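Structure, as structure tokens:
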Amino acid sequence: MTEKYCCMILRINVDCNACCRKLRRIILRMKEIETHLIEKQQRRVCVCGRFDPAEVAIKIRKKMNRRVEILEVQDFEGGGEDENEQPEKAERAEPTERTDRPRVPMVVYPGQIPSYYSTMHVA
């Protein structure tokens, strides 16, 4: 795939729970989207993965039959590495401190605490 790893924030008017479920099913069926976040009250959807932002917005618009606005697109540099290059860089790099949080949040719904936030203090 030639697409870079990116996160895109969209504005979609999701009126009811049925529309929210429909949007969620559409996003889950799109293979190029790895993670998503639906904020119903703010009418925003954040999707992350390896995709072309315009194509994903058009697909969602056609399947939802609603206006879709692209608010923000953020490209990540490290996401576009080939599988062959990754082991070579790991051998050359010095061991660094590992962070507990992933770079991109997993699927989180309003009122739900992401799984990478620890509930207990770790010393």
Side-chain angles (χ1 to χ4, degrees):
M1 297 182 116
T2 60
E3 292 90 5
K4 290 183 181 178
Y5 190 89
C6 63
C7 286
M8 175 173 61
I9 300 175
L10 303 167
R11 181 181 298 151
I12 304 173
N13 189 13
V14 184
D15 298 339
C16 58
N17 290 333
C19 296
C20 189
R21 282 193 306 267
K22 182 178 179 182
L23 176 63
R24 183 174 174 268
R25 274 197 309 268
I26 290 168
I27 290 173
L28 288 173
R29 288 180 182 154
M30 298 175 83
K31 293 180 181 178
E32 58 265 13
I33 295 178
E34 296 175 10
T35 60
H36 71 279
L37 170 68
I38 299 172
E39 298 175 2
K40 188 177 170 185
Q41 287 80 19
Q42 288 81 22
R43 299 177 178 178
R44 285 191 293 183
V45 177
C46 178
V47 292
C48 299
R50 295 181 188 277
F51 56 83
D52 181 30
E55 288 180 10
V56 170
I58 290 169
K59 284 182 186 178
I60 292 173
R61 191 237 173 268
K62 284 182 179 178
K63 292 180 179 181
M64 283 292 292
N65 198 21
R66 291 182 182 258
R67 183 177 66 206
V68 175
E69 297 177 44
I70 299 176
L71 298 178
E72 182 181 344
V73 177
Q74 184 178 10
D75 292 331
F76 292 104
E77 297 290 328
E81 296 176 351
D82 292 336
E83 293 177 5
N84 297 335
E85 294 178 10
Q86 199 169 8
E88 294 173 7
K89 289 186 178 183
E91 292 173 0
R92 285 185 266 148
E94 297 177 14
T96 59
E97 186 177 317
R98 183 172 176 246
T99 60
D100 292 337
R101 295 183 183 181
R103 188 169 62 173
V104 180
M106 301 309 291
V107 179
V108 180
Y109 295 100
Q112 179 184 5
I113 298 173
S115 61
Y116 58 80
Y117 288 127
S118 63
T119 55
M120 297 176 15
H121 179 68
V122 179

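The first residue of the sequence shown is numbered 1, and numbering continues consecutively from there. Quantities reported herein were computed from a predicted structural model and do not represent experimental measurements.
- Applying the salt bridge (Lys or Arg N to Asp or Glu O under 4.0 Å) rule to R29 yields no partners; only residues at least two apart in sequence or on another chain are considered.
- Nearest heavy-atom pair across V73 and M8 is CG2-CG, 4.0 Å.
- Closest non-hydrogen pair, E39 versus L37, comes out as OE2-CD2, 3.4 Å.
- In terms of the salt bridge (Lys or Arg N to Asp or Glu O under 4.0 Å) criterion, residue partners of R66 (sequence neighbours excluded) are, by chain and number, D15.
- The two residues I38 and C20 have their closest heavy-atom pair at CG2-SG, 3.8 Å.
- Distance check, rounded to the nearest 0.5 Å: CG of L28 to CG of L23 gives 9.5 Å.
- By the SG-distance test at 2.5 Å, no disulfide connects C46 to C7.
- Note: R44 CZ to E72 CD = 9.5 Å, rounded to the nearest 0.5 Å.
- Take E69 and apply the salt bridge (Lys or Arg N to Asp or Glu O under 4.0 Å) test, not counting sequence neighbours, and it matches R11, R67.
- Residue T35 comes nearest to I33 through the heavy atom pair O-CG2, 3.4 Å, listed as atom of the first residue, atom of the second, then distance.
- Here L71 sits in one hydrophobic cluster together with I9; the rule is ILVMFWY side chains under 4.5 Å apart, joined directly or through other members.
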Can you give the donor-acceptor pairs under 3.5 Å from side chains of residues 51-65 to other protein atoms, not counting sequence neighbours?
{"from": "K59", "atom 1": "NZ", "to": "E32", "atom 2": "OE2", "distance (Å)": "3.1"}

